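Working notes for the structure below.
Keep in mind it's a predicted model, so treat the numbers as computed, not measured. In what follows, every heavy atom counts, from backbone to side chain, and hydrogens, waters and symmetry copies are set aside.
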Amino acid sequence: MARGEHHKIHAQDRTQRHRALVAQEAARLMSEHGIRDFHHAKVKAAERLGIADTQALPRNNEIEDALREHQRIFKADSQPQALRARREAAVEALRFLRGFDARLVGAVLEGTADEHSAVCLHVFSDDPEAPVLFLQEQGIPLETQTRRLRWSGNEQSEHPVLLFGADGIPFDLTVLPLDALRQAPLDRVDDRPMRRATASMVQALLAEEDIEAFNASTPAFDR
């Protein structure tokens, strides 16, 4: 093997090792410090590790995989409990907001939510003020922000975000026009259309968890 080819392979191996290290550190920061933004987490992780090579920055899906592994190893008890509490809260919220065709998105649906995670919902109305007025009429204090979402074809648009808390769990509602029911914005993890779930779909996830928990705690000969 030529010397130049050997150095190239060595450099590629080093980059791959660095990508794995940055992904693991980014996952730790997200899990332990509540960082929700993948880009911020990976940049901060690279800085902490002293890795300046931009090629060593992992993709978001690599960080999500590392986050699942970190939770499996270090939060095997607390993370499933936090996830379940948020899925149960999501079912209530989806039913409460059924007039806006609410859908669950994000970490609570994907299974990576922890004690830092908000329940993220999409609500749909061609009048952006309608969900605001509805929540205010229920006596729910709100904070408002905006969020930029990406769509297919590199299209981007700004949308209102409503923030509030209920029973100690934060909620994050993005208000979208009705035609967005047909096409979901792109997920920041894999650049594919976001997965979205109705109340019945989340209820089915909870039922699956119950079955898995029962099977794990019951000897096979007792089933």
Please report the shortest heavy-atom distance between [X] and [Y], naming the atom on each side.
X	Y	result
Val108	Leu83	O-CD1, 3.5 Å
Ala197	Leu94	O-CD1, 4.0 Å
Ala93	Leu121	CB-CD1, 3.9 Å
Val119	Ala90	CG1-CB, 3.8 Å
Ala27	Ala66	CB-C, 3.6 Å
Pro58	Val22	CD-CG1, 3.4 Å

Could you tell me whether the side chain of [Y] reaches within less than 4.5 Å of the side chain of [X], counting heavy atoms only?
X	Y	answer
Met30	Phe38	yes
His18	Thr15	no
Pro193	Leu186	yes
Leu67	Ser31	yes
Leu29	Arg48	yes
Val123	Leu162	no
Lys42	Glu62	no
Pro177	His159	yes

>> My understanding is that only residues two or more places apart in sequence, or in another chain, count here; which of them pass salt bridge (charged side-chain N to carboxylate O under 4.0 Å, His left out) with Arg188?
In response: none
> Looking at residues at least two apart in the chain, or sitting in another chain, which of them share a salt bridge (charged side-chain N to carboxylate O under 4.0 Å, His left out) with Arg150?
Replying inline: Asp191
How about [atom1] on [X], more than 12 heavy atoms from neighbouring residues, nucleotides or ligands closer than 6.0 Å, or not?
X	atom1	answer
Glu143	CD	no
Asp126	CG	yes
Asp167	CG	no

Separation between [atom1] of [X] and [atom2] of [Y], rounded to the nearest 0.5 Å:
X	Y	atom1	atom2	value
Glu155	Leu149	CD	CG	10.5 Å
Ile73	Arg68	CD1	CZ	14.5 Å
Leu178	Phe124	CG	CZ	8.5 Å
Arg19	Ile51	CZ	CD1	11.5 Å
Arg59	Glu64	CZ	CD	13.0 Å

Ion pair present between [X] and [Y], side-chain N to carboxylate O less than 4.0 angstrom?
X	Y	value
Arg147	Asp172	yes
Asp114	Arg36	yes
Glu25	Arg28	yes
Arg84	Asp210	yes

Are the side chain of [X] and the backbone of [Y] linked by a donor-acceptor contact shorter than 3.5 Å?
X	Y	value
Gln79	Gly111	yes
Arg86	Glu115	yes
Arg87	Leu205	no
Lys44	Ile35	no

In the single-linkage hydrophobic clustering (I, L, V, M, F, W, Y; side-chain heavy atoms under 4.5 Å), do [X] and [Y] co-cluster?
X	Y	answer
Val175	Val161	no
Leu135	Leu163	no
Met201	Leu109	no
Val189	Ile63	yes
Phe100	Val91	yes

> Is there any side-chain hydrogen bond (donor to acceptor under 3.5 Å, both in side chains) pair reaching into residues 101-112, and which pairs are they, with sequence neighbours excluded?
Replying inline: Glu110-Arg195
> Can you say whether the rings of Phe74 and His70 are parallel (under 30°), tilted (30 to 60°) or perpendicular (over 60°)?
Replying inline: tilted
> With under 30° as parallel and over 60° as perpendicular, where do the rings of Phe171 and Phe164 fit, or are they tilted in between?
Replying inline: parallel
>> Run the side-chain contact (heavy atoms from CB on, under 4.5 Å) test on Gln136 and Glu129 for me, step by step, so that the C-alpha distance in whole Å, both residues' side-chain angles and the decisive distance to 0.1 Å come before the verdict.
In response: CA-CA 10 Å; Gln136 289 177 339; Glu129 290 299 313; over 6 Å; no
>> Run the side-chain contact (heavy atoms from CB on, under 4.5 Å) test on Leu173 and Leu97 for me, step by step, so that the C-alpha distance in whole Å, both residues' side-chain angles and the decisive distance to 0.1 Å come before the verdict.
In response: CA-CA 10 Å; Leu173 277 59; Leu97 294 162; 3.6 Å; yes
